[in-house]
Amino acid sequence: MQLIVISGKGGTGKTTVVGSFAYLSQNSIKGDCDVDAANLHILFNGEEKSRESFIGAKVAYIDSMKCIQCNLCSQVCRFSAIEEFHVQELRCEGCGACISQCQQKAISLRDEVTGETILTQTNSGLLSRAEMGIGAEGSGKLVTKVRKNALENRREDEWIILDGSPGVGCAVMASITGCDAALIVAEPTQSGFQDFLRVLEIVIYFGVRPFVCINKYDINERITYEIEEFCKEKKVKTIGKIPFDPMVKRAINERKAVVAYEESAAGKEIKKIWNELENSIREAF
């Protein structure tokens, strides 16, 4: 069973929810698919088991010994990546157009390390995550590798709980594809509502069963009501409403899951959401 927790934008509280799920579910493997800014590991102490370089792209290289400086490669490059017969790596897309024009065979494509994949044994189970290089591309490929690492280390009865990338880009699609269920964390603002609609459309497109929770629902109960009514119309289950709770800030500062605080109103609601979600998924699958 693979559960992905996503949101249509950053800052909705998605990682707070996932961190709580990870704390509540010891019999699970966790995956942080937000490879551009992975932060789920901050909530858990752990020991790093492995770290591997990830080859996510190709970069052109010009052999100066073979190059006759005809400039055909520069003329065909649509990304202006070749200057004075040298490749500017941050601009190069690895498309190979320059190679097709070089009659001297002076240009080749070389593997580029775009990030690192990491496996960490935490006190709440194994965590698969990654760190993407600055200015690197191919986040969707790196997300796929994070999920593959989680699957390869999973026992038969274990759930995989994924902290998805925010938004609706390639990394989000790589996070969602092949999952059994998705919990969308919605924010009750006008822009948050529109972002929720976009990510819900992607979840449905990929055939993943959606569930919805509304975080900080009491900051705008009118839009909370609109989200609930929309979900009823589309027959998407709203599985809980998390109140605004200053205790969340304290939990983040102390690097703990908010459900670890018995007095937290948000923590109590997240526990209810987890129990309801677990039961709903088991019934459906």
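Just so it is clear, the model here is predicted, and its values are computed rather than measured. Residue numbers count from 1 along this sequence.
- A salt bridge does not link Lys272 to Glu276: none of the charged side-chain nitrogens sits closer than 4.0 Å to a carboxylate oxygen.
- Nearest heavy atom pair, residue Ser175 against residue Val143, reads OG-CG1, 3.6 Å.
- Within the 4.5 Å cutoff, side-chain heavy atoms of Phe211 are placed close to those of Ile281.
- Taking the side chain as every heavy atom from C-beta outward, Arg129 and Thr120 approach each other to under 4.5 Å.
- Between Glu229 and Lys232 there is a salt bridge, since at least one side-chain N of the basic residue sits less than 4.0 Å from a carboxylate O of the acidic one.
- Nearest heavy-atom pair across Pro166 and Val172 is O-CG2, 3.4 Å.
- Checked by atom type and distance alone, the side chain of Asn220 pairs as donor or acceptor with a backbone atom of Ile223 at under 3.5 Å.
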>> Go through it in stages, so that I can follow the logic: the residues are Gln2 and Trp159, the test is side-chain contact (heavy atoms from CB on, under 4.5 Å), and I'd like the CA-CA distance, side-chain angles, deciding distance and then a yes or no.
In response: CA-CA 6 Å; Gln2 294 190 61; Trp159 281 35; over 6 Å; no
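- A distance-only check finds no donor-acceptor pair linking the side chain of Asn215 to the backbone of Glu187 [under 3.5 Å].
- For Lys30 against Leu40, the heavy-atom pair with the smallest separation is CB-CD2, 4.3 Å.
- Checked by atom type and distance alone, the side chain of Thr224 pairs as donor or acceptor with a backbone atom of Tyr217 at under 3.5 Å.
- Side-chain contact between Tyr61 and Ile107: absent, with no pair of heavy atoms (C-beta onward) separated by less than 4.5 Å.
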>> Evaluate Arg282 against Glu278 for salt bridge (Lys or Arg N to Asp or Glu O under 4.0 Å), listing each step before the verdict.
In response: CA-CA 6 Å; Arg282 291 191 188 280; Glu278 192 175 24; 3.3 Å; yes
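- In terms of heavy-atom proximity, Lys14 sits nearest to Ile6 at CD-CA, 3.5 Å.
- The backbone N or O of Arg155 lies less than 3.5 Å from a partner atom in the side chain of Glu158, making a donor-acceptor pair.
- With hydrogens and angles ignored, the 3.5 Å screen pairs no side-chain donor or acceptor of Arg147 with any backbone N or O of Cys33.
- Here the side chain of Arg255 pairs a donor or acceptor atom with the backbone of Ile42 at under 3.5 angstrom.
- Residues Cys179 and Val208 share a closest heavy-atom pair of O-CG2, 3.5 Å.
- For the pair Asp63 (side chain) and Ala106 (backbone), a donor-acceptor distance under 3.5 Å is absent.
- Distance alone, capped at 3.5 Å, places no donor-acceptor pair between the Ser25 side chain and the Phe21 backbone.
- In this structure, the side chain of Thr122 engages the main chain of Ser124 through a donor-acceptor pair within 3.5 Å.
- Not a single donor-acceptor pair under 3.5 Å links the side chain of Arg110 to the backbone N or O of Val59.
- Minimum heavy-atom separation, Leu151 to Ile160: CD2-CD1, 3.5 Å.
- Contact of the Lys216 side chain with the Ile219 side chain is registered, since non-hydrogen atoms from C-beta on lie closer than 4.5 Å.
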